[in-house]
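Comments concern the structure below.
Note that the structure is a prediction, hence the values are computed from the model and not measured. Side chains included, hydrogens not; waters and symmetry mates left out as well; all remaining heavy atoms used. Letters A, B, ... are given to chains in the order of the sequence lines, protein chains preceding strands, and every chain is numbered from 1.
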Number of protein chains: 2
Amino acid sequence: MTVSKTAEKSSEKSADSAKVRKDAAEPQAEALQLGELSEQLGYVLKRAQLKVFENFLRCMASLQLTPAQFSVLLLVEKNPGRNQTEIASTLGILRPNFVAMLDNLESRDLCARIRSTNDRRSHILVLTDKGKAVLARAKKLVATKHEARLNDLLGQANREALLAMLSKIANEF
Amino acid sequence: MTVSKTAEKSSEKSADSAKVRKDAAEPQAEALQLGELSEQLGYVLKRAQLKVFENFLRCMASLQLTPAQFSVLLLVEKNPGRNQTEIASTLGILRPNFVAMLDNLESRDLCARIRSTNDRRSHILVLTDKGKAVLARAKKLVATKHEARLNDLLGQANREALLAMLSKIANEF
DNA sequence: GATAATTGTTATGGACCATATCAAATATCG
DNA sequence: CGATATTTGATATGGTCCATAACAATTATC
């Protein structure tokens, strides 16, 4: 659907000097018609998703956590003792792509790989103390700055209804 | 949030031969707990968006149109006589990235760039006859196979409510 | 004990996104 | 008018994310 996050350079130019504004004669240059696009669920879904991620990143700027990283920390916390393949696959991350991600989190001392004694091929994933602390702060930031703002915009009941419908699409479509 | 579209290799192995299944003794290996992840709007939003795009691509396989290409054709049809910058920016596409996209559509004879006589820098975009025909077929496919399936899943009223909430997020968040 | 499967990893290529830069054309303004 | 700035389409380039193939070490299978 396309939709990116460009910055809309506000070219105001602060004019209004000795020159007359040519408003009246302007043949309505701007204002494109979206048309049926605004009825396409995929299009609106993508735009909404980009907005939500964008806001998430702003809320997490102090912790430097991306949505993907946050989801990994959440899942490792909830499922201690699992290996890379298990964590990655339930998040829809392919194992090869998960390696660099873990390298990053581990280099920041947020989580650790531990060689399993049962199966010496696999790495058990755990949060470090720092990882637990950062995740706790992240949860608070998300709850108070991110999800709370969605509640303000939609209302509690609508937000839950939205979540339910999106879950249905994600799981049953 | 992560979420990709991997194919879930169904490793069934059709065993059940002379070997006994070790179900009982199995220490419940699978089944990760999603936990708070399933309450994170961004996570569910992303997963739903991937599912919707995936289904869109399947429905459009015969026409070989991506969601982004479809949105371009729709917008050009609704706004004839606009140039690349205008079409690209309302879709959130950066001008440099729009060039290859148009090269593709133009090479398939779906749309055409026409040098404007007013401003010889800009290219006016129009759909070719083939482009109009393909877009018409695409619309039908989307309506009957794609959006209809979402109606079946959510119900008409819910689908509209979903669209309204997503639009609100996309525009006011 | 030979063969197959799994785990983490590397390498690699594609798709998408973003910035800087350019030539041609136009707009702006002294 | 003419110098300067801006706009348009385009190229080059780099980053991120996603996907596949292949590999060594380890384990499972038979």
Side-chain angles (χ1 to χ4, degrees), chain A residues 1-9 11-15 17-22 26 29 46 49-50 53-54 57 66-69 71-72 82-89 91-104 106 113-125, chain B residues 1-9 11-13 15 17-22 26 29 46 49-50 53-54 57 66-69 71-72 82-89 91-104 106 112-125:
Chain A
M1 258 33 177
T2 315
V3 182
S4 73
K5 46 215 150 170
T6 324
E8 299 298 321
K9 177 176 81 172
S11 52
E12 280 314 293
K13 297 198 64 181
S14 74
S17 47
K19 200 181 52 143
V20 206
R21 303 214 353 112
K22 50 180 176 175
E26 195 81 61
K46 178 83 182 186
Q49 184 259 314
L50 287 175
F53 270 44
E54 190 185 334
L57 285 173
T66 68
Q69 291 167 340
S71 69
V72 170
R82 301 298 189 139
N83 64 25
Q84 296 184 197
T85 295
E86 291 170 314
I87 297 293
S89 79
L91 288 176
I93 308 176
L94 295 175
R95 274 80 73 212
N97 300 329
F98 196 44
V99 174
M101 228 180 127
L102 273 185
D103 288 348
N104 180 347
E106 203 172 20
R113 300 182 236 223
I114 303 180
R115 291 224 93 93
S116 167
T117 53
N118 305 332
D119 186 341
R120 301 207 348 255
R121 288 171 298 185
S122 59
H123 290 167
I124 296 307
L125 297 182
Chain B
M1 258 40 175
T2 315
V3 180
S4 73
K5 47 213 150 169
T6 324
E8 300 297 323
K9 177 176 81 171
S11 54
E12 280 314 295
K13 295 199 63 181
S17 47
K19 201 183 48 148
V20 205
R21 305 215 350 114
K22 50 180 177 176
E26 196 81 62
K46 177 84 182 185
Q49 184 260 312
L50 287 175
F53 269 44
E54 189 185 334
L57 285 174
T66 68
Q69 290 167 340
S71 69
V72 170
R82 300 297 189 140
N83 64 24
Q84 297 184 197
T85 296
E86 290 170 314
I87 298 292
S89 80
L91 288 176
I93 308 176
L94 295 175
R95 275 80 73 211
N97 300 329
F98 196 46
V99 174
M101 229 181 125
L102 273 186
D103 288 348
N104 180 348
E106 204 172 19
R113 299 183 237 223
I114 303 180
R115 291 223 94 92
S116 167
T117 53
N118 304 332
D119 186 340
R120 299 203 355 251
R121 288 171 298 185
S122 59
H123 291 166
I124 295 308
L125 297 182

Pick out the pairs of N or O atoms, protein on one side and nucleotides 23-26 of chain D on the other, that lie under 3.5 Å.
residue, atom, partner, partner atom, Å
dT26(D), OP1, R120(A), NH2, 3.2
dT26(D), O2, R121(A), NH1, 3.3

- Residue list, side-chain hydrogen bond (donor to acceptor under 3.5 Å, both in side chains) with D103(A), at least two apart or on another chain: R113(A)
- Note on the structure: Across all chains, not counting sequence neighbours, the side-chain hydrogen bond (donor to acceptor under 3.5 Å, both in side chains) partners of R121(A) are D119(A)
- Hey, which of E106(A), R82(A), Q84(A) is the one that makes side-chain hydrogen bond (donor to acceptor under 3.5 Å, both in side chains) with H123(A)? Q84(A)
For [X] and [N], what is the distance between atoms [atom1] and [atom2] respectively, to the nearest whole Å?
X       : N       : atom1 : atom2 : answer
L50(B)  : dC16(C) : CG    : P     : 13 Å
M101(A) : dT16(D) : CE    : C1'   : 12 Å
E86(A)  : dT7(C)  : CD    : C1'   : 11 Å
I93(B)  : dA15(C) : CD1   : C1'   : 14 Å
N118(A) : dT27(D) : CG    : P     : 10 Å
Q69(A)  : dT16(D) : CD    : C1'   : 12 Å
F98(A)  : dT10(C) : CZ    : P     : 14 Å
L94(A)  : dT9(C)  : CG    : C1'   : 14 Å

- How about P67(A) and L57(A): do any of their side-chain heavy atoms sit closer than 4.5 Å? yes
- Take the C1' atoms of the five end pairs on each side of the helix from dG1(C)-dC30(D) to dG30(C)-dC1(D), get both axes, and report the angle to 10 degrees. 20°
- Task: Report the C-alpha separation of L102(B) and I87(B) in whole Å, then their side-chain angles, then the decisive distance to 0.1 Å, and conclude whether the side chain to side chain contact (heavy atoms under 4.5 Å, CB included) test is met.
- Result: CA-CA 11 Å; L102(B) 273 186; I87(B) 298 292; over 6 Å; no
- Query: Between CZ of R95(B) and CD of E86(B), what distance do you get to the nearest 0.5 Å?
  - Reply: 11.5 Å
- One should read off an interatomic distance between N118(B) CG and N83(B) CG, to the nearest 0.5 angstrom, of 11.0 Å
Are there any protein N/O atoms within less than 3.5 Å of an N/O atom in nucleotides 10-15 of chain D, and if so, which ones and at what distance?
residue, atom, partner, partner atom, Å
dA10(D), OP1, R113(B), NH1, 3.3
dA10(D), OP2, Q84(B), OE1, 3.1
dA10(D), OP2, Q84(B), NE2, 2.9
dA10(D), OP2, R113(B), NH1, 2.6

- Message: It should be established whether T85(B) places a side-chain nitrogen or oxygen under 4.0 Å from OP1 or OP2 of nucleotide dG9(D).
- Response: yes
- Item | For the student: nearest non-hydrogen atoms of S71(B) and A68(B), plus distance | OG-O, 2.6 Å
